[in-house]
**Q** 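Sharing a structure here in structure tokens format.
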Amino acid sequence: MTVIKQEDFIQSIFDAFQFISYYHPKDYIQALYKAYQKEENPAAKDAMAQILVNSRMCAEGHRPICQDTGIATVFLKVGMDVQWDAEMSVQEMVNEGVRRAYTYPDNKLRASVLADPAGKRQNTKDNTPAVVHMEIMKGDKVEVTCAAKGGGSENKTKVAMLNPSDNIVDWVLKTVPQMGAGWCPPGILGIGIGGTPEKAVLMAKESLMSHIDIQELKEKADSGAELSTTEALRLELYKK
């Protein structure tokens, strides 16, 4: 049985949010560079170059990649055989880790979360409370995935309950151009299909945590390998 100590868990949350504030994932950088090499529009190519340069500067200087350091979102997969050595609840521990990360003197992050959002709308000053999604799994480990979700991307979230005869690709192609420029390009589309509305939105958000492998998938298709339904759908969206 694994014992998870309160301070260790809080420190992990703190470390993760500080880390992702100034480091892009490697797969994102590689995908953006490939897109930069293929881009023919001068303005778009210049914008990609600026993003790549900015990414390197932030990694070297340990400063935020973007001024919008997001709503703290945490996905937890908790093993059934885990034992907690803690006085605080899981939500309280996550909030404490976020509080420390966003108020860290050496790299303060922007606090965006409001208390009483339908009322006085006062900033909580430390970006708490965090949004926590927890799933109970087999095993004796706790898997933690942290995301700092910027408000621009959150505002562009779309959900629709399609009829069985509706085409998913057609809906995406119609919806994306209507989003406008309020999100920060280049964007990554996260799409959740199935279940109830809240389940679909959660799946869409979780999909954004996946490895960016569209070029690898394209190579797989070009080799003649058999694709799953999801893989074929992703490639169709990519090409269109």
**Q** State plainly whether one hydrophobic cluster holds both Phe75 and Met203, where clusters connect Ile, Leu, Val, Met, Phe, Trp and Tyr through side-chain heavy atoms under 4.5 angstrom apart.
**A**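 No, no single cluster joins them.
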**Q** Using the side chain to side chain donor-acceptor pair (under 3.5 Å) rule, take Asn163 and Ser165 through it: C-alpha gap first, then chi angles, then the decisive distance, then the call.
**A** CA-CA 5 Å; Asn163 293 317; Ser165 59; 5.3 Å; no
**Q** If you measure from CE on Met93 to CD on Gln11, what distance do you get to the nearest 0.5 Å?
**A**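 Atom-to-atom, Met93:CE and Gln11:CD are 14.0 Å apart.
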**Q** Rounded to the nearest 0.5 Å, what's the gap from NZ on Lys240 to CD on Glu236? Could you check?
**A** 4.0 Å
**Q** Which heavy atom of Ile13 sits nearest to which heavy atom of Val94, and what is that distance?
**A**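 Between these two residues, the closest heavy atoms are CG2-O, 3.8 Å.
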**Q** What pair of heavy atoms forms the shortest contact from Cys146 to Val144, and how long is it?
**A** SG-CG1, 3.9 Å
**Q** Can you tell me if Thr175 uses its side chain to pair, donor with acceptor, with the backbone of Val172 under 3.5 Å?
**A**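 It does not hold such a pair.
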**Q** For Asp126 and Val98, indicate whether the former's side chain and the latter's backbone hold a donor-acceptor pair under 3.5 Å.
**A** no
**Q** Hey, are the side chains of Gln178 and Lys158 touching, using non-hydrogen atoms and a 4.5 Å cut-off?
**A** no
**Q** Grouping I, L, V, M, F, W and Y whenever their side-chain heavy atoms are under 4.5 Å apart, do Val142 and Val90 come out in a common cluster?
**A**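 Same cluster: Val142 reaches Val90 through Ile, Leu, Val, Met, Phe, Trp or Tyr contacts under 4.5 Å.
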**Q** Let me confirm one number: the CZ-CG distance from Arg100 to Asp15, rounded to the nearest 0.5 Å.
**A**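 Going from the CZ atom of Arg100 to the CG atom of Asp15 covers 10.5 Å.
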**Q** With a 4.5 Å cut-off on side-chain heavy atoms, are Val169 and Leu233 touching?
**A**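 Leu233 vs Val169: side chains touch.
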**Q** At what distance, to the nearest 0.5 angstrom, does CZ of Phe19 lie from NE2 of His62?
**A** 8.5 Å
**Q** Can you confirm whether Thr69 sits close enough to Tyr102 that some side-chain heavy atom of one is under 4.5 Å from a side-chain heavy atom of the other?
**A** yes
**Q** Tell me the closest heavy-atom pair linking Ala49 and Tyr36, and the distance in Å.
**A**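 Heavy atoms of Ala49 and Tyr36 come nearest at CB-CE1, 3.9 Å.
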**Q** Between Leu235 and Leu217, does a side-chain contact (heavy atoms from CB on, under 4.5 Å) hold up when you go through it step by step?
**A** CA-CA 8 Å; Leu235 274 181; Leu217 183 56; 3.9 Å; yes
**Q** Classify the side-chain pair Thr196/Glu198 by whether it contains a donor and acceptor separated by less than 3.5 Å.
**A** yes
**Q** If you draw a 6.0 Å radius around CE in Met209, do more than 12 non-hydrogen atoms from other residues or ligands fall strictly inside?
**A** yes
**Q** Any donor-acceptor pair under 3.5 Å linking the side chain of Lys149 with the backbone of Ile71?
**A**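 No; judged by distance alone, with no hydrogens or angles, the pair does not exist.
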**Q** State, without any angle test, whether Gln50 and Asn54 hold a side-chain donor-acceptor pair at a distance under 3.5 Å.
**A** no
**Q** Does Lys205 reach the side chain of Thr157, with side-chain heavy atoms less than 4.5 Å apart?
**A**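 No, too far: nothing below the 4.5 Å cut-off.
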**Q** Are any side-chain N or O atoms of Glu92 and backbone N or O atoms of Ser89, one a donor and one an acceptor, separated by less than 3.5 Å?
**A**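 Between the backbone of Ser89 and the side chain of Glu92 there is a qualifying donor-acceptor contact (under 3.5 Å).
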**Q** Verify the distance criterion only: is there a donor paired with an acceptor across the side chains of Asn107 and Gln18 at less than 3.5 Å?
**A** yes
**Q** To check you understand the geometry: which heavy-atom pair defines the closest contact between Ala101 and Phe17, and what is its length?
**A** CB-CB, 3.7 Å
**Q** With heavy-atom distances below 4.5 Å as the criterion, would you say the side chains of Leu227 and Lys220 are in contact?
**A**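 The answer is yes; the side chains approach within 4.5 Å.
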**Q** For Tyr104 and Leu109, what are the C-alpha separation, side-chain angles and deciding distance, and is it a side-chain contact (heavy atoms from CB on, under 4.5 Å)?
**A** CA-CA 8 Å; Tyr104 182 53; Leu109 307 178; over 6 Å; no
**Q** Are any of the side-chain heavy atoms of Leu32 and Met48 separated by less than 4.5 Å?
**A** yes
**Q** Say whether, by atom type as modelled, one donor and one acceptor occur between the side chain of Ser12 and the main chain of Asp8 under 3.5 angstrom.
**A**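 Yes.
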**Q** Would Thr128 and Val113 count as a side-chain contact (heavy atoms from CB on, under 4.5 Å) if you check the C-alpha gap in whole Å, the side-chain angles of each, and the deciding distance to 0.1 Å?
**A** CA-CA 6 Å; Thr128 64; Val113 173; over 6 Å; no
**Q** Between His211 and Glu216, is a side-chain contact (heavy atoms from CB on, under 4.5 Å) present by the stated rule, with each step listed?
**A** CA-CA 11 Å; His211 177 66; Glu216 298 164 26; 3.3 Å; yes
**Q** Would you find more than 12 non-hydrogen atoms of other residues, nucleotides or ligands less than 6.0 Å from Met88 atom CE?
**A** yes
**Q** Answer yes or no on whether Lys218 is positioned over the face of Tyr238, meaning its NZ or CZ is under 6.0 Å from the six-membered ring centre and within 45° of the axis.
**A** no
**Q** What's the separation between atom OG in Ser21 and atom CZ in Arg110, rounded to the nearest 0.5 Å?
**A**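 Rounded to the nearest 0.5 Å, the OG-CZ separation comes out at 13.5 Å.
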**Q** For residues Ile20 and Ile65, report the shortest heavy-atom separation together with the two atoms involved.
**A**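 For Ile20 and Ile65, the tightest heavy-atom pair comes out as O-CD1, 4.0 Å.
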**Q** Pick out which of Thr145, Thr73, Leu76, Val74 makes a side chain to side chain contact (heavy atoms under 4.5 Å, CB included) with His133.
**A** Thr73
**Q** Do Tyr23 and Ile29 sit in one hydrophobic cluster, given that two such residues count as connected whenever their side-chain heavy atoms are within less than 4.5 Å of each other, even indirectly?
**A** no
**Q** Can you see which heavy atom on Asn127 is nearest to which on Ser112, and at what distance?
**A**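 That closest heavy-atom pairing would be OD1-N, 2.7 Å.
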**Q** Find the distance between CG (Asp81) and NZ (Lys138) and round it off to the nearest 0.5 Å.
**A** 10.5 Å
**Q** Okay, side chain of Asp140, backbone of Gly79: is any donor-acceptor separation there less than 3.5 Å?
**A**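 It does not hold such a pair.
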**Q** What do the steps show when you test Arg234 against Asp213 for salt bridge (Lys or Arg N to Asp or Glu O under 4.0 Å), and what is the final call?
**A** CA-CA 11 Å; Arg234 290 181 60 205; Asp213 62 350; 2.8 Å; yes
**Q** Mark yes when over 12 heavy atoms from residues, nucleotides or ligands other than Glu226 sit less than 6.0 Å from its CD; otherwise mark no.
**A**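 Check fails, neighbour count at 12 or below.
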**Q** Indicate, with yes or no, if Val176 and Val159 share a hydrophobic cluster defined by side-chain heavy-atom contacts under 4.5 Å among Ile, Leu, Val, Met, Phe, Trp and Tyr.
**A** no
**Q** Checking Gln6 side chain against Glu87 main chain: does a donor-acceptor pair fall under 3.5 Å?
**A**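 Yes, because the side chain of Gln6 sits within donor-acceptor range (under 3.5 Å) of the backbone of Glu87.
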**Q** Out of curiosity, does Ile193 fall in the hydrophobic cluster containing Leu208 (side-chain heavy atoms, cut-off under 4.5 Å, transitive links)?
**A**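 Result: no, two separate clusters.
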